[in-house]
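Each chain gets a letter, A, B and so on, in the order the sequences are listed, and its residues count up from 1. Keep in mind that what you see is a predicted model, and the values were worked out from it rather than measured. Note: hydrogens, waters and symmetry copies are ignored here, and every other heavy atom, side chains too, is used.
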Amino acid sequence: MSNESVLGALLDTLVPASEDGRMPSASEVGFDAFLVTQGEAVAPALQAILAQLGDDFATLSAEARHEKVTELSASEPALFAGLLAQVYDCYYQDDRVRSAIGVVQGPVFPQGNEVARGNLTMLDPVIENCDQYRYREP
Amino acid sequence: MTMSEDVVDVLIVGAGASGAAAAWSLSDTGMRIVCLEQGGRVDPGDYPTNSANWESRAFGSFAIDPNVRGLETDYPINNDDSECAAVNWNGVGGSTILYGAHFPRLHPSDFKVKTLDGVADDWPIDYATLEPYFVENDRIMGVSGLAGDPMCPPKQPPLPPLAMGLVGETVARGYNKLGWHWWPSDSAIISEPYDGRDRCLNLGPCMSGCSQGGKSSTDITYWPRAVKRGVELRTRCRVREIAVDDEGMAKGVHYYDENGDEQFQRAEIVIMACNGIGTPRLLLNSKSSRFPDGLANRSGLVGKNLMFHAFGIVQGLFHERLDSHKGPQACCILSKQFYETDLSRGFVRGYNMQISRGTGPLSTAMAGFMTGLIPWGKDHHDAFEKRFDHVAAIGIVGEDLPEEHNRVTLDPELVDSDGIPAPKITYKYGENSLKMIEHGLARGEEVIRAAGAYEVASGGPLRPTGWHLLGTARMGSDPERSVVNHWGRSHDVKNLFIIDGSIFVTSGGVNPASTIQACALYIADSIKKNLSDLFD
Ligand SMILES: Cc1cc2nc3c(=O)[nH]c(=O)nc-3n(C[C@H](O)[C@H](O)[C@H](O)COP(=O)(O)OP(=O)(O)OC[C@H]3O[C@@H](n4cnc5c(N)ncnc54)[C@H](O)[C@@H]3O)c2cc1C
Ligand code: SF4
């Protein structure tokens, strides 16, 4: 088994595709390309994790993979949290993922967001009760 | 070292919230003014929101903690003995580059806590003294808000309030059900085009810098005006110490330029604007035979009485989607229901409740992992969908009372990239603050449930929340009990002024930037009014 297939299986285990097909798996969002942008510090940590999972990881059932990754997260919490942060970082930048969860694609600037102005007549009770809310004059 | 014979009239150290305001105010005098700033200018094109990975970049080179950023322009802060970690930005604009821009003012009662509640000390100035400077500051900064809040003295923000959004409306319903006070927040964010700047685009992550220029940081408000009026702003110039002459007057500062070369700049007046940690650090590092314990420190109070504000947070989860990640994160609505003292609550003074919006997807997923609420694996999507954009939060910002054991000293070992001793923070929350936060969290839970939240989590005081750096060179009329007088002049060194958050006597229960800047404008105006006998 190659490193790539172990990595692919790991990504599928961490964030599998949703059953309704709306959300892709983390193995479908270009994690390899993302890694290249992350500098050299990440590669050794990832290699250590893949080595711990072992070559046969990709051949295991989904339940067995989940169990194995759970064990890893308990034995190497810092390493695991670091990897998960990278996976989520890549995943939640993906255009398909962003449009599925209602976030603008790409950089948020200069697109921006629309926000409801809000109904200021909701302040009427505060204004009616204003004697009760007075600030304290020294 | 290069000794400059060139004497400037006014030398300001620090180009943040207060330094910028004072530079602009003094610039109409025709005096020669130079500001030395250790950091550089940020190009708005470099802010994280210009790239797709805006969320992770906000935790790296734009992190709020200088120890995480570790930029050459930062200085390290030893927080090991502190229950709260100090955060900042070092560069033109100072901490306003990263601030949330929630912009309430201290209340009139905040200046009189000794008289009213028998704790701490009264300020030597009052709200009425600062009122015209609050107004001027709101105008130059560009502040959005709504007139008529019965919990504040009358005021008219120059711009209409920011959009409340679904988060604001939903939480406001909870306040109305309980009959509690709330009001749209005063925000240093422009809701409409103003002064050549375009309005806020509701990007969300204001606390990693605003690419749009909708947030009123002083690099885009005061500085362009001050520079146009002739102020010289020298960046990448880190001051090491203030030198004094034989008469005990400040004669200038030693600093390192961008190349690390030591320079000396002479000045008639020195104004410190390095914030509640940077300023005591420099004063304590300015030792001489005349001032063996550090400059302006005859009272022994330089660095003492550090106040942060105790901060807790309540988060509510709602069935309906609130679009929580959209809109300025820290500015929405606020409540002052528990702001003024009521002894039946078991503590003195009070807190403001600052309603904030939610986080982006990466932060949501990672926070969910750390709390166990959003697992990785096959249940990830369902749990994520339930939480993301379905959250409203209430920050409890509690008044922190001054205590001398809470302090800034010089670290015996840690230094910055120029070899200047780094600050060390010793800080513990007081009993009053802890009771206040407990009360605030319980009230926050009550209101967020009343608003319809079906799941509520709360916690505090939280550690990485040292946004507000106050009290370490306090104002007062008694030279034994304070560092500067009622208009910011050092009791000990007559041509040395302090204008940043250090001079706060007490902290109030609101975010301080508006009051820091009003104080800076007031001190600058006092300098102008007293020019003929400034050093008497
Ligand atoms: C993440 C974050 C969120 C915040 N949110 C809010 C908010 O919503 N509302 C609010 O009211 N406040 C908020 N604040 C706090 C607010 O930004 C500060 O209170 C305010 O900017 C302090 O003003 P200042 O002039 O005292 O110092 P600063 O604005 O911090 O400026 C100090 C300047 O001095 C420079 N300096 C320090 N030492 C030296 C030296 N040796 N030589 C040369 N230059 C030096 C620094 O580089 C810096 O630029 C927030 C702060 C942060 C970090
Ligand atoms: S929400 Fe508004 S103020 Fe905040 S970063 Fe976006 S445009 Fe700037």
Supply the atom-to-atom distance [X] [atom1] to [Y] [atom2], rounded to the nearest 0.5 angstrom.
| X | Y | atom1 | atom2 | answer |
| --- | --- | --- | --- | --- |
| B/S335 | A/Y133 | OG | OH | 8.5 Å |
| A/Q38 | B/N53 | CD | CG | 7.5 Å |
| A/Y88 | B/F369 | OH | CZ | 7.5 Å |
| A/Q111 | B/N202 | CD | CG | 13.5 Å |
| B/H380 | A/L14 | NE2 | CG | 10.0 Å |

Need one label for [X]: side chain, backbone, both or neither, based on atoms under 4.5 Å from any heavy atom in chain A.
| X | result |
| --- | --- |
| B/P375 | backbone |
| B/N176 | side chain |
| B/T115 | neither |
| B/H181 | both |
| B/P48 | neither |
| B/R57 | neither |
| B/E55 | neither |
| B/K112 | side chain |
| B/W183 | both |

Among [options], which residue forms the greatest number of heavy-atom pairs with chain A at distances under 4.5 Å?
| options | result |
| --- | --- |
| B/D149, B/D389, B/L201 | B/L201 |
| B/P153, B/C210, B/G148 | B/P153 |
| B/F111, B/Y127, B/W180, B/Y47 | B/W180 |
| B/C152, B/P205, B/G360, B/S56 | B/C152 |
| B/S109, B/A163, B/A365, B/P161 | B/A163 |
| B/Q337, B/R321, B/K336, B/E340 | B/E340 |

Show the nearest heavy-atom pair for residues [X] and [Y], with the distance to one decimal.
| X | Y | answer |
| --- | --- | --- |
| B/L362 | A/D89 | CD1-N, 3.5 Å |
| B/G377 | A/P16 | O-CD, 3.4 Å |
| A/R117 | B/L162 | NH2-C, 3.9 Å |

Find out whether [X] and [Y] are in side-chain contact, i.e. whether some heavy atom of one side chain is under 4.5 Å from a heavy atom of the other.
| X | Y | value |
| --- | --- | --- |
| A/I101 | B/F384 | yes |
| B/R173 | A/M122 | yes |
| A/H66 | B/W376 | yes |
| A/V103 | B/F388 | yes |
| B/D126 | A/P138 | no |
| B/L146 | A/L123 | yes |

task = Check A/V115, A/N119, A/L120 against B/M164 for a side-chain contact (heavy atoms from CB on, under 4.5 Å) and give me the one that passes.
result =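 Of the listed residues A/V115, A/N119, A/L120, the side-chain contact (heavy atoms from CB on, under 4.5 Å) partner of B/M164 is A/L120.
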ask   = Among A/V15, A/N129, A/I127, A/V69, which residue forms the greatest number of heavy-atom pairs with chain B at distances under 4.5 Å?
value =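 Among the listed options, the one with the most contacts to chain B is A/V69.
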message = Shorter than 4.5 Å, heavy atoms on both sides: which option in A/T13, A/V108, A/D131, A/V97 has the most such pairs with chain B?
response =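 Looking at each of A/T13, A/V108, A/D131, A/V97 in turn, A/V108 comes out on top.
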key: B/H107 and A/Y135 aromatic ring geometry - parallel, tilted or perpendicular at 30°/60° bounds   =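 A/Y135 vs B/H107 ring planes: perpendicular.
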query = Between B/H381 and A/Y91, what is the ring plane arrangement, given parallel below 30°, perpendicular above 60°, and tilted in between?
reply =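 Correct class here is tilted.
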What do you reckon, is [atom1] of [X] surrounded by more than 12 foreign heavy atoms closer than 6.0 Å?
| X | atom1 | value |
| --- | --- | --- |
| A/E114 | CD | no |
| A/Q105 | CD | yes |
| B/K155 | NZ | yes |
| B/E320 | CD | yes |

Please look at [X] and chain B and tell me whether the side chain, the backbone, both or neither of the residue comes under 4.5 angstrom of a heavy atom of that chain.
| X | answer |
| --- | --- |
| A/A17 | backbone |
| A/R98 | side chain |
| A/P125 | side chain |
| A/F34 | neither |
| A/Q132 | side chain |
| A/T37 | neither |

key: Backbone of B/Y339 reached by a side-chain donor or acceptor of A/R136 within 3.5 Å   =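 A pair under 3.5 Å: no.
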